[in-house]
Asks: 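Attaching a single structure in structure tokens format; questions to follow.
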Amino acid sequence: MTLSEHLPADIREVMDAYVGDLRPQPWRIRFLLLIDLLQEKLESGPAAEYRRLLQQWTGIVTAILEHLPPDSSVVECLGLMSISFNDQWRAQALGQRAGPANSDSSLSGFSA
């Protein structure tokens, strides 16, 4: 089961619209449009909500990647894969094997 199948119907409709808009675009444009979406979310919400907004955006990116198969030969796509909730994509983007040990070691350099 995919992440997009778990989304509420109204959010899934919005995500499907994004997929339709993004599908004909090259990965560079897709990346820029998704970064713009993050900027809009952050500008519209209070600073105290940034962490939640970032998690929501990451979920949207992951769901969109489920419908626009990732291309690891494109750096912009690798950037999106590296922040996705999909362990295999994240590991592929970071040049590692998927698994909790690798996730822990890749995140050890970041403080919470």
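Quick caveat, the model's predicted, so the values are computed rather than measured.
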Asks: For R52, check salt bridge (Lys or Arg N to Asp or Glu O under 4.0 Å) against everything at least two apart and list the hits.
Replies: E49

Asks: Under the salt bridge (charged side-chain N to carboxylate O under 4.0 Å, His left out) definition, can you give me all pairs with a residue in residues 13-29, not counting sequence neighbours?
Replies: none

Asks: I want to check something: taking the side chain as every heavy atom from C-beta on, are E5 and R12 in contact at a cut-off of under 4.5 Å?
Replies: no

Asks: At what distance, to the nearest 0.5 angstrom, does CD1 of I60 lie from CG of L34?
Replies: 9.0 Å

Asks: What closest approach, in Å, do T62 and F85 show between heavy atoms, and which atom pair accounts for it?
Replies: OG1-N, 2.8 Å

Asks: Side-chain donor-acceptor contacts of residues 73-83 below 3.5 Å, not counting sequence neighbours, with atom names and distances?
Replies:
| unit_1 | atom_1 | unit_2 | atom_2 | d |
| --- | --- | --- | --- | --- |
| S73 | OG | D71 | OD1 | 2.6 |
| S73 | OG | D71 | OD2 | 3.4 |
| S82 | OG | G79 | O | 2.7 |

Asks: Considering only heavy atoms from C-beta outward, does the side chain of W89 approach that of E66 to under 4.5 Å?
Replies: yes

Asks: CE of M15 to CD1 of I11: how many Å apart, nearest 0.5 Å?
Replies: 10.0 Å

Asks: To check you understand the geometry: which heavy-atom pair defines the closest contact between Y18 and I64, and what is its length?
Replies: CB-CD1, 3.9 Å

Asks: Which distance, rounded to the nearest 0.5 Å, do you find between the CD of Q39 and the CG of L32?
Replies: 11.5 Å

Asks: Does some side-chain heavy atom of F31 sit less than 4.5 Å from a side-chain heavy atom of V61?
Replies: no

Asks: Does L22 share a hydrophobic cluster with L3, counting links as ILVMFWY side-chain heavy atoms below 4.5 Å and allowing steps through other members?
Replies: no

Asks: Is it the case that one hydrophobic cluster holds both L65 and I29, taking links as side-chain heavy atoms less than 4.5 Å apart, direct or via other members?
Replies: yes

Asks: Quick one: do the Q92 and Q88 side chains pair a donor with an acceptor below 3.5 Å?
Replies: no

